Structure formats: structure tokens, C-alpha cells
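In what follows, a single structure is set out as C-alpha cells and then discussed.
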Number of protein chains: 2
Amino acid sequence: MRQESTKPEGLRERNRREKYEHITDVSIRLFLENGYDTTTLDEIAHSAGISRRNLFNYFDSKDEILFSHLREYYEMIAESIARSSPDEPALEVVRKAILSNLTRFDAERTLAIAKIMRNNAALQSKNRANEINLEKAIMKGLSALWPAKESHDRLLFVSILSSGAIRFATYTWLRDGNEIKLSDCVVEAFDRLKLETRCTK
Amino acid sequence: MRQESTKPEGLRERNRREKYEHITDVSIRLFLENGYDTTTLDEIAHSAGISRRNLFNYFDSKDEILFSHLREYYEMIAESIARSSPDEPALEVVRKAILSNLTRFDAERTLAIAKIMRNNAALQSKNRANEINLEKAIMKGLSALWPAKESHDRLLFVSILSSGAIRFATYTWLRDGNEIKLSDCVVEAFDRLKLETRCTK
DNA sequence: GTTATTACTGCACTGAGTGCAATTTAATTG
DNA sequence: CAATTAAATTGCACTCAGTGCAGTAATAAC
């Protein structure tokens with residue numbers, strides 16, 4: 001019953017948030033040290049100081065420890081797209097939304113996760129599977145911006161192209177080490193969409 | 001030590017092939033009847049008349065029962081691409097390779113699998129994850145056709161675009177029931193690549 | 001303080017997937 | 001055909017991810 005400004009976060013929420021981050025940090029450290037497959041949920045729970053059962057109150061599965069952070073990021077992209085100008089080309093809207101949210105991107109953590117995934121085909125598959133959420137987020141934003149039912153198919157196609165471009169950008173960024181900026185990779189990947197589809201050979 | 005033409009298939013290989021198909025048929029039937037998640041490997045093995053352990057000599061995992069057939073198909077696409085003319089645009093090469101292998105596509109089984117995946121988000125994710133194999137197959141074919149190292153990035157990009165177009169084609173085909181031919185969907189999806197990336201919405 | 005939520009824990013259970021040793025079946029050779 | 005080799009198949013025991021449940025501890029609200 002505080003009168004001074006709606007309390008934004010109680011002790012409970014803060015604890016939850018901190019524990020969530022703590023579990024993630026501990027897990028990534030263990031994965032880097034011992035590999036993803038050989039690290040069991042028992043070890044993670046023990047290292048994080050909680051029960052194994054309680055892990056599932058924070059993450060739906062072992063994979064989600066690595067990927068769940070992206071959901072929040074995807075949600076921001078969807079909102080950015082929805083708030084864009086409907087006069088611009090759809091692909092341009094998506095590109096700008098990606099670029100404008102890049103600052104919230106945790107590069108260090110992403111690099112660590114990329115390292116964990118290297119040499120683990122199963123994890124790469126799951127990473128790929130997770131891309132479906134990015135695509136749905138883009139589609140959600142685009143549908144809010146252009147709600148006309150007739151445009152559904154072309155918006156879906158734009159979502160597919162966009163998620164492909166983003167994957168390509170991430171790929172080149174990871175490959176070229178830290179010598180290149182992720183934003184440049186994104187710009188280039190979306191440029192490629194226009195170039196590649198009309199060139200001969 | 002037969003002299004009359006190299007024997008193409010022994011009893012062993014034929015049995016293996018037949019059992020492989022049989023297991024697949026039985027599994028799809030059970031999945032349709034009782035759902036994917038609720039059907040256990042024990043049930044599948046029992047219905048197929050083999051031991052549970054032996055299932056893993058045919059499929060690496062439960063998912064692979066649904067997806068492993070595509071590998072053979074992907075391999076044919078890779079070979080078709082590799083045998084194409086290097087004078088055509090890359091995207092055109094891929095489109096033709098897809099179209100020319102469409103006859104080998106088991107539409108009935110694909111429809112059944114699509115039905116199983118409907119309302120099962122986890123399976124849809126795994127389906128998406130499997131797309132990585134299609135992309136690798138396309139990339140493999142393209143790399144054989146244009147081995148120059150400098151072209152790697154653009155070929156990778158073409159692979160990404162192609163797998164996206166194929167997914168879109170599959171989506172529209174499944175959505176519009178049997179009223180439309182899959183080949184038409186593929187043609188349209190690749191046309192869209194050229195249209196969508198230059199238009200101003 | 002008391003009470004209602006929510007967080008956490010332990011336990012027992014299911015089901016996928018693996019390693020291993022033993023057995024059966026098919027292919028090969030003399 | 002008999003003996004040998006190789007592959008297919010099986011059962012068993014095991015690990016680990018994930019779930020349901022019932023009970024306990026901590027926090028928020030009154």
C-alpha cells in the first residue's frame with residue numbers, strides 16, 4: 001500500500017530475475033568447461049545452489065537455458081516493427097527494427113553460446129529450430145503494421161527472408177571474429193537480398 | 001561369385017529396406033491414431049514385431065522415423081544441382097533441381113506427417129531443425145558446381161534463400177489442400193524471391 | 001500477528017537413448 | 001553340404017531429461 005509511485009519490482013520478482021541470470025551464468029560456465037552433453041542438470045542445479053526440480057520452474061528444458069533469453073529480444077523486435085511507418089518497404093522496416101535493437105544484444109553471452117554450439121550438431125539443430133520464434137515475432141510485428149488479410153502471404157515471405165538474412169549476418173559475424181560489427185553484417189545481409197535475387201550467375 | 005551382372009541387392013539388404021519401410025508405416029499409423037507424444041517406442045516396436053532395441057539400428061531417434069526419408073531426397077537434390085549447367089543463375093539451378101526431383105516425392109506420406117505435426121509445436125520445431133539438412137545439401141551441390149572459394153558466401157546465401165522458398169512453397173501447398181500442385185507452389189515461391197525483394201510495399 | 005500466494009524441495013515415475021554381451025540369421029568359402 | 005565369417009537381433013542394465021504430486025519454506029497482503 002505504498003503511495004509513492006507504483007512499485008515496479010518486489011523482492012520476489014527481483015530474486016527470481018537474479019536467480020534466473022545466475023543459473024544461466026553457471027550453466028554456460030559448465031558447458032564451456034565440460035561440454036553441453038556431458039553436463040547434467042544435476043550438476044547445474046548443484047552448482048547453482050538449487051534443487052534439480054526447481055530448475056524446471058525457471059527453464060522448460062535444458063536447451064532453454066541457452067535460448068530463452070532470445071524470447072525477450074524477439075518480443076522487442078516485434079514491437080519495434082509494429083511501431084514502424086507503414087509507408088516503407090517491409091524488408092526495410094525489419095532491417096531497421098533489427099538494427100535499433102542491436103544494442104540490447106548481449107554479445108559476450110552470444111559468443112559463449114556460439115562456442116558451446118560449435119562441434120555440437122544437435123545443438124545447432126536446436127538453435128535452428130529456435131529461429132522459428134524469431135520468424136513468428138517478425139510476422140507478428142508485420143501483421144500489426146499491415147493488418148490487411150490479403151497481405152498475409154507476402155508478409156510471411158518477408159518474415160522468412162528476414163530470418164534468413166539475420167542468420168547469414170550472424171554467421172558472418174561469428175566467422176570473422178571480433179573484427180567486424182554485427183550491425184554492418186546485418187546491413188550487408190539485407191543488401192544482399194536485393195542484389196542476389198536479380199543477378200545472373 | 002556370380003558372373004551374371006553385379007547382384008544389386010541381397011536378401012539382407014532387401015529385408016532391411018522392407019523392415020525400414022514397415023517400421024515407418026506402422027509408426028505413422030500409430031502417430032495418427034494416438035498422437036506422437038503418447039506413442040512410445042515400446043508400442044512401435046511391438047506393433048512392428050521387433051524389439052525396442054532394434055529400432056535404434058534403423059533410426060537414430062524417434063524423430064528420425066518421420067524425417068529420415070528426406071535425407072535420401074536431399075541427396076538427390078544435391079546431385080541434380082552438381083550436374084547442372086554453371087551458366088545459369090544459381091537460384092534457377094536450384095529451382096530446376098527441386099522441380100526435377102518432385103516426382104520422387106511421396107506426397108501421401110508427407111501429408112500424413114504434416115497431419116501428425118499439426119498441433120504439435122515441438123515436432124514443428126524439429127521439422128524446422130531438419131531443414132538444416134536441406135540447406136546443407138543445396139550448398140553441397142552448389143559448391144560442386146562452382147568450386148571457387150570466393151563464391152562461398154553468395155552460394156551460402158542462395159542456399160538460405162532456397163530453403164526459405166521451399167518452406168514457403170510447402171506451406172502454401174499444405175494450406176491449400178489438394179487443389180494445387182506442389183510444383184506450381186515451388187515455381188511461385190522462387191518467383192517471389194525476385195519480386196518481393198525489389199518491390200516497394 | 002494471520003492468511004493467502006508463490007517458491008522450493010524430495011520422491012517416485014515415465015520414456016528416450018546407449019553400451020554390452022549373447023544369440024540368431026544370412027552370406028561366403030572350401 | 002558343413003564350417004566359417006559377418007551382420008542382424010535381442011535382452012538387460014543403465015543414464016539422464018522431464019513430469020506429477022504432496023509437503024514445506026518464504027514472501028506478500030490484510
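A, B, ... follow the sequence lines: proteins, then strands. Residue 1 opens every chain. Excluded from the calculations below are hydrogen atoms, water molecules and symmetry mates; all remaining heavy atoms, backbone and side chain alike, are included. Predicted model only: the values in this text are computed from it and were never measured.
Remark: C1' of dG20(D) and CZ of F56(A) are 13 Å apart, rounded to the nearest angstrom. Rounded to a whole Å, the CG atom of D37(B) is 19 Å from the P atom of dA17(D). Protein atom CG of D42(A) is 13 Å distant from nucleotide atom P of dC11(C), rounded to whole Å. In this entry the distance linking NZ of K62(A) with P of dA16(C) reads 18 Å, nearest Å. In this structure, I44(A) atom CD1 and dC16(D) atom P are separated by 12 Å, rounded to whole Å. For E43(A) and dT15(D), the CD to P distance is 14 Å, given to the nearest whole Å. Whole-Å rounding puts the F59(B) CZ to dT18(C) P distance at 15 Å. Atom CG in L55(A) sits about 14 Å away from atom C1' in dG10(C), given to the nearest Å.
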Got a list of protein N/O to nucleotides 9-11 of chain D N/O distances below 3.5 Å?
residue, atom, partner, partner atom, Å
dT9(D), OP1, K19(B), NZ, 2.6
dT9(D), OP1, Y58(B), OH, 3.4
dT9(D), OP2, Y58(B), OH, 2.5
dT9(D), O5', N54(B), ND2, 3.1
dT10(D), OP2, S51(B), N, 2.8
dT10(D), OP2, S51(B), OG, 3.0
dT10(D), OP2, N54(B), ND2, 3.3
dT10(D), O5', S51(B), OG, 3.4

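Looking at T172(A) and D153(B), their side chains never bring a donor and an acceptor atom within 3.5 Å of each other. Side chains of S68(A) and Y20(A): a donor-acceptor N/O pair is present below 3.5 angstrom, by distance only. For N127(B) and N130(B), the side-chain atoms include no donor-acceptor pair closer than 3.5 Å.
Checked against L174(B) for a side chain to side chain contact (heavy atoms under 4.5 Å, CB included), the options I180(B), L111(B), L182(B) give a single hit: L111(B).
Relative to the ring axis of Y58(A), R16(A) places its NZ or CZ within 45° and under 6.0 Å from the centre. The cationic atom of K96(B) (NZ for Lys, CZ for Arg) does not lie both less than 6.0 Å from the six-membered ring centre of F190(B) and within 45° of the ring axis.
No engagement by T38(B) is indicated, since no non-hydrogen atom pair under 4.0 Å with the nucleic acid exists.
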